[in-house]
Number of protein chains: 2
Amino acid sequence: MATIRDVAKQAKVSVATVSRVLNKKGYVSKEAEEAVLKAIKMLDYRPNSVARTLYNKSSGMIGLVVPDITNPFFPELARAVEDVALTYGYTVVLCNTDEMVEKEKKYFEALKQKYVDGIILTTSSLSTEDYDRLELPIVALDRELGDNIPTVVSNNRQGAREATEHLIHRGCRYLAHFRGPVGVAPADERYLGFKEVAEQHEIPYKVVNADFHIDKAESAANELLTNTPLIDGVFAGSDVTAAGVMKAAHTLNFSIPDQLKVIGFDGIPLGSMLVPPLSTIEQSIYKMGALSSRLLIKQIEKKPIDAMYYDLPTKLVIRGTT
Amino acid sequence: MATIRDVAKQAKVSVATVSRVLNKKGYVSKEAEEAVLKAIKMLDYRPNSVARTLYNKSSGMIGLVVPDITNPFFPELARAVEDVALTYGYTVVLCNTDEMVEKEKKYFEALKQKYVDGIILTTSSLSTEDYDRLELPIVALDRELGDNIPTVVSNNRQGAREATEHLIHRGCRYLAHFRGPVGVAPADERYLGFKEVAEQHEIPYKVVNADFHIDKAESAANELLTNTPLIDGVFAGSDVTAAGVMKAAHTLNFSIPDQLKVIGFDGIPLGSMLVPPLSTIEQSIYKMGALSSRLLIKQIEKKPIDAMYYDLPTKLVIRGTT
DNA sequence: CTGAAAGCGCTTACAG
DNA sequence: CTGAAAGCGCTTACAG
């Protein structure tokens, strides 16, 4: 691979001049510029980004940290983040923590070492201090990490309320909520929204933990529906959770939606693949990812951002399960 | 952040000595080593990996290039690749090409610039020359790129044969195959396996293209099942494709498995979420990813590899759709 | 407008 | 066993 020296020699100028035309910075005469451009083309020269990074302490990369890449919510998010990043000339490094604190820490270390310009976090296992100590632009996506960190979330509480209202509206008189992990903000908000509406309508309800995992949801649903067959409406904390509940219902011969109505949360493609297709509260997943990416890049480039907290509306999508 | 100079000063030795203890290379006296270790701890020093990379022309990163991260087959693969890589001290950079040749080229450029140590490819849009020109260790995963490139695939042909035999065994007398993208080896192999068995049994069949996309599969199935309602058995080129076929069947009121039997390929979790749960040919996805990762790292570290071509067996999983 | 030089933070012959 | 120096491939004051 050709280096900047080779180009300088070929163009009969100094490396400083080559660097100037590369970065379009400082004065360069027309002739010098042309000679350099010609040499670059001739040698098929491309500047070494590692050397650049070393000097600039900036790599043009941004990190995206997700808890579980096999949960279909995150690949969608990742794609949006990447689309926007690429537009602005940034490369995305995807880091999957498998929900392990140790892995997250290692990634932070590695990302910082590689001089990433910023990080988008969809995890929250570490403490606020850890994030502050990074001294790097951060955006919290689908999580809330602190007031001083720009945040992009759906209006989970409102979405949960709508889901619950919808179930009641459809005639459900005994509800269940399969909540996500305790302490994870979106999951907590959905739980609270559910609870508010159920209590306001004086509808009895059960709440069980399903951690956004299909297997856990299925076994929890198996148990709950066996013990409490009167339940006729389920608000699942996510679409994946809903799929687990539906599997259990199917095994137990609960007919959906006649005997049991189910509504999910997320709006991932999986929902419409199920039979019957899943009613859900749709998040603007792509928008969330794209917005986060833009917010992070604005921070990196020291541009002002309009707000510290973005709370995107959700949308009730009625399909076959309600 | 402390640098090697700071450590050297603190330990009252030269940077060369610090470097030697860091890399456990060359002779260092006990006293010097201890002083350095102490200084490192005191200053919470961590060597700058960008500087290291610049000198070594090796970053400790490996690239994983996938065509579509939202296709659930790839996150599973990614996770396996990452698990193994992390064990050996490598970091994985996930690159999503969105099936765009331009994006793939850009990523190659970027990966090479960043001195990644090797690349695992699950795409094949570029020519063999492009891969050779990389001059980097490569593993072809779920793709075949050439005889001189180590390859890990499932035995797609054999799996397809089993799927087809299974449909016939279950009494199907008019088959359809929803094949994946033409020119993509695993898709072609599955098609060939299907064709062989169908012809050998003199069973009439149709073949339509579905590109591994759910929407495409659904619309193709809508059309095919409407025009050729005699079809009673479908071998879908992937589980996602099968989900599309099942959606269409459901819309058209084809009852599964009574009227129409469906079998997929892949064995991703989605299959067991469908109703009825999808019969499929299961690939050892995790194994494929892990093996590829190991093969790549062996190449990087100039260790011998046992074979250039790994052809993993598949497994027939009978569930509700057949 | 341009080039020589120093520096980003490392590693590794080389001489002692 | 150890240090001074050169070098990885860039960028940017600084002097001219």
Side-chain angles (χ1 to χ4, degrees), chain A residues 1-40 43-61 89 109-117 135, chain B residues 1-40 43-61 89 109-117 135:
Chain A
M1 291 251 266
T3 75
I4 198 171
R5 297 188 90 84
D6 300 326
V7 175
K9 206 173 291 175
Q10 177 74 27
K12 302 202 163 106
V13 298
S14 72
V15 296
T17 300
V18 177
S19 179
R20 281 188 200 101
V21 347
L22 247 30
N23 298 296
K24 303 185 205 316
K25 227 180 223 172
Y27 301 95
V28 180
S29 68
K30 265 270 161 288
E31 302 88 69
E33 186 179 352
E34 272 166 24
V36 169
L37 258 21
K38 209 174 119 193
I40 286 175
L43 300 169
D44 191 26
Y45 167 75
R46 270 145 316 181
N48 180 309
S49 67
V50 174
R52 277 187 158 168
T53 299
L54 181 59
Y55 187 92
N56 295 327
K57 296 184 184 319
S58 154
S59 64
M61 300 192 295
E109 195 63 37
L111 291 172
K112 183 141 199 207
Q113 294 272 330
K114 307 253 188 231
Y115 289 129
V116 298
D117 295 328
E135 291 172 347
Chain B
M1 292 252 266
T3 73
I4 198 172
R5 299 188 88 83
D6 300 326
V7 175
K9 207 174 291 173
Q10 177 74 28
K12 301 204 165 105
V13 297
S14 72
V15 296
T17 300
V18 178
S19 179
R20 282 188 200 102
V21 348
L22 246 30
N23 297 295
K24 304 186 205 316
K25 226 181 224 173
Y27 301 94
V28 180
S29 68
K30 265 271 161 285
E31 301 88 70
E33 186 180 352
E34 270 166 26
V36 169
L37 258 22
K38 208 173 123 192
I40 287 175
L43 299 170
D44 191 25
Y45 166 76
R46 271 146 314 181
N48 181 313
S49 66
V50 174
R52 280 189 154 168
T53 299
L54 180 58
Y55 187 92
N56 295 326
K57 297 188 185 317
S58 154
S59 64
M61 299 191 296
E109 195 62 39
L111 290 173
K112 183 138 198 209
Q113 294 273 328
K114 307 255 189 229
Y115 289 129
V116 297
D117 296 328
E135 292 172 345

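We name chains A, B, ... by the order of the sequence lines, and we start the count at 1 in each one. All of these numbers come straight from a predicted model, not from anything done at the bench.
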Taking the side chain of [X] as its heavy atoms from C-beta onward, which of [options] lies nearest to it?
X       : options               : answer
B:Asn23 : D:dC10, C:dG9, C:dT11 : C:dT11
A:Ser19 : D:dT2, D:dC10, D:dT11 : D:dT11
A:Ala51 : D:dT12, D:dC10, C:dG9 : D:dC10

Any B:Tyr27 side-chain nitrogen or oxygen under 4.0 Å from OP1 or OP2 of C:dT12
no

Distance test, side-chain N/O of B:Lys57 to OP1/OP2 of D:dC8, below 4.0 Å:
no

Which whole-number value in Å describes the distance from [X] [atom1] to [N] [atom2]?
X        : N      : atom1 : atom2 : result
B:Arg52  : C:dG9  : CZ    : C1'   : 11 Å
B:Lys25  : D:dC1  : NZ    : P     : 18 Å
B:Asn48  : C:dG9  : CG    : C1'   : 6 Å
A:Lys114 : C:dG9  : NZ    : P     : 16 Å
A:Ile4   : D:dT11 : CD1   : P     : 5 Å
B:Lys24  : C:dT12 : NZ    : P     : 14 Å
B:Ile40  : C:dC10 : CD1   : P     : 10 Å
B:Asn56  : C:dG9  : CG    : C1'   : 12 Å

My understanding is that only residues two or more places apart in sequence, or in another chain, count here; which of them pass side chain to side chain contact (heavy atoms under 4.5 Å, CB included) with B:Ala39?
B:Val7, B:Gln10, B:Ala11

Please give the stem ranges for DNA chain C, sorted by first residue number, where a stem is three or more consecutive Watson-Crick or G-U pairs and both donor-acceptor distances are under 3.5 Å.
C:1-3 with D:14-16, C:5-12 with D:5-12, C:14-16 with D:1-3

Pairs of donor and acceptor atoms involving the side chains of residues 44-52 of chain A, under 3.5 Å and at least two apart or interchain, shall be tabulated with distances.
| from | atom 1 | to | atom 2 | distance (Å) |
| --- | --- | --- | --- | --- |
| A:Asp44 | OD2 | A:Arg46 | NH2 | 3.2 |
| A:Arg46 | NE | B:Glu109 | OE2 | 3.1 |
| A:Arg46 | NH1 | B:Glu109 | OE1 | 2.8 |
| A:Arg46 | NH1 | B:Glu109 | OE2 | 2.8 |
| A:Asn48 | OD1 | A:Val50 | N | 2.8 |
| A:Asn48 | OD1 | A:Ala51 | N | 2.9 |
| A:Asn48 | ND2 | B:Tyr115 | OH | 2.7 |
| A:Arg52 | NH2 | A:Asn23 | OD1 | 3.4 |

Work out which heavy atom in A:Ser58 is nearest to a heavy atom in A:Asp117; give both atom names and the distance.
OG-OD1, 2.9 Å

Expected output is a numbered-order residue list: members of residues 28-36 of chain A with a heavy atom under 4.0 Å from any atom of DNA chain C. What is it?
A:Val28, A:Ser29, A:Ala32

Measure all distances between protein nitrogen or oxygen atoms and nitrogen or oxygen atoms of nucleotides 3-7 of chain D, and list the pairs falling under 3.5 Å.
| from | atom 1 | to | atom 2 | distance (Å) |
| --- | --- | --- | --- | --- |
| D:dG3 | OP2 | B:Ser14 | N | 3.0 |
| D:dG3 | OP2 | B:Ser14 | OG | 3.1 |
| D:dG3 | OP2 | B:Thr17 | OG1 | 2.8 |
| D:dG3 | N7 | B:Arg20 | NH2 | 3.4 |
| D:dG3 | O6 | B:Arg20 | NH2 | 2.4 |

What residues form a side chain to side chain donor-acceptor pair (under 3.5 Å) with B:Thr53, not counting sequence neighbours?
none

Just jot down the side chain to side chain donor-acceptor pair (under 3.5 Å) partners of A:Ser14, sequence neighbours excluded, or say none.
A:Thr17

For residues 24-34 of chain A, which side-chain N or O atoms pair as donor and acceptor with protein atoms under 3.5 Å away, sequence neighbours left out?
| from | atom 1 | to | atom 2 | distance (Å) |
| --- | --- | --- | --- | --- |
| A:Ser29 | OG | A:Ala32 | N | 3.1 |

Below 4.5 Å, heavy atoms only, C-beta onward: do B:Leu22 and B:Ile4 meet side chain to side chain?
yes

Qualifying salt bridge (Lys or Arg N to Asp or Glu O under 4.0 Å) pairs with a residue from residues 6-22 of chain A, counting only residues at least two apart or across chains:
none

